[in-house]
Enquirer: 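Here it is: the structure, laid out below.
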Amino acid sequence: ERERERERERETPANNKFKMGNRSSSTKNLSASPGAASAVEDEGDDGSGIVLSPELQDKIVHDFNNTILKEEWSKHQQAILKRASEREISNAQRQEEIETQFQEWNEKNTSVQKQLDKEIVDFKDQFVQSYIDVSNEVGRMEGKIGAGPKFGEGKACLNTRVNLIQCYKENEDTRACNDIMAALERCVTKTITTH
């Protein structure tokens with residue numbers, strides 16, 4: 001019996017021992033069919049034990065590595081999706097802020113525009129009213145003192161006006177026409193006071 005135990009120990013390398021529960025199991029390169037990845041019962045000292053073939057061990061390690069890679073890849077994808085979702089939420093919030101600011105600016109602009117339009121209408125009304133008041137006042141004054149000469153019509157100060165225009169055309173310096181301008185002022189004053 002001791003020889004059998006020694007023979008088993010020589011056939012089973014120490015690094016292929018696996019603890020499974022309270023039993024020890026060892027891997028043996030059995031003469032099973034090549035590529036077989038199945039568990040084979042071994043008759044140990046007490047007649048119980050499981051021996052894992054090298055192919056099955058490789059498959060377990062490979063599957064374990066694949067599971068870890070899948071979990072890491074899944075975590076990476078979840079992180080990417082989370083960042084993308086946060087970016088979308090941030091972009092949506094920024095878009096909403098911009099739209100709110102634009103709406104507020106548009107409302108303010110509309111209010112200012114309405115105020116300006118009202119002021120323009122008020123100024124037009126004031127101008128029309130002032131024009132009417134001035135026209136009425138001129139009409140009353142003409143009624144009291146009579147109609148004066150219509151300048152630009154008729155021949156009042158005609159020669160002096162023609163001379164002043166000619167002087168302006170011929171001279172770049174308007175000071176040369178100061179004497180004619182003074183003559184025109186005297187003519188106009190005389191015409192107004194005589195009528």
Enquirer: Assess the side chains of Gln103 and Glu99: does a donor N or O sit below 3.5 Å from an acceptor N or O?
Expert: no

Enquirer: Are any of the side-chain heavy atoms of Ser135 and Val138 separated by less than 4.5 Å?
Expert: no

Enquirer: For a quick test of reading the model, state the closest non-hydrogen atom pair linking Thr191 to Cys157 and the distance between them.
Expert: OG1-SG, 3.7 Å

Enquirer: Can you tell me which residue among Leu164, Leu158, Asn163 is in a side-chain contact (heavy atoms from CB on, under 4.5 Å) with Arg161?
Expert: Leu158

Enquirer: Answer whether the closest heavy-atom distance between the side chains of Asp133 and Glu137 falls below 4.5 Å.
Expert: no

Enquirer: Counting neighbours of CD on Glu96 that are heavy atoms of other residues, nucleotides or ligands and sit closer than 6.0 Å, is the number greater than 12?
Expert: no

Enquirer: Any side-chain heavy atom of Phe64 sitting closer than 4.5 Å to one from Lys59?
Expert: no

Enquirer: Are side-chain heavy atoms of Ile180 and Leu184 found at a separation under 4.5 Å?
Expert: no

Enquirer: Can we say Glu86 and Arg83 salt-bridge, meaning some charged N sits less than 4.0 Å from an Asp/Glu carboxylate O?
Expert: no

Enquirer: Checking Gln93 against Glu97: is there a side-chain donor and acceptor pair closer than 3.5 Å?
Expert: no

Enquirer: When rounded to the nearest 0.5 angstrom, what is the spacing between CG in Asp125 and NZ in Lys118?
Expert: 9.5 Å

Enquirer: Quick one: CE on Met181 to CZ on Arg175, what's the gap to the nearest 0.5 Å?
Expert: 15.5 Å

Enquirer: Answer yes or no: is there a side-chain heavy-atom contact under 4.5 Å between Phe123 and Gln126?
Expert: yes

Enquirer: Please give me the minimum heavy-atom distance between Ala183 and Thr160, naming the atom from each residue.
Expert: C-CG2, 3.9 Å

Enquirer: Taking the side chain as everything from C-beta on, heavy atoms only, tell me whether Val61 gets closer than 4.5 Å to Gln57.
Expert: no

Enquirer: Quick one, Ser111 and Gln115 - any side-chain contact, counting heavy atoms below 4.5 Å?
Expert: no

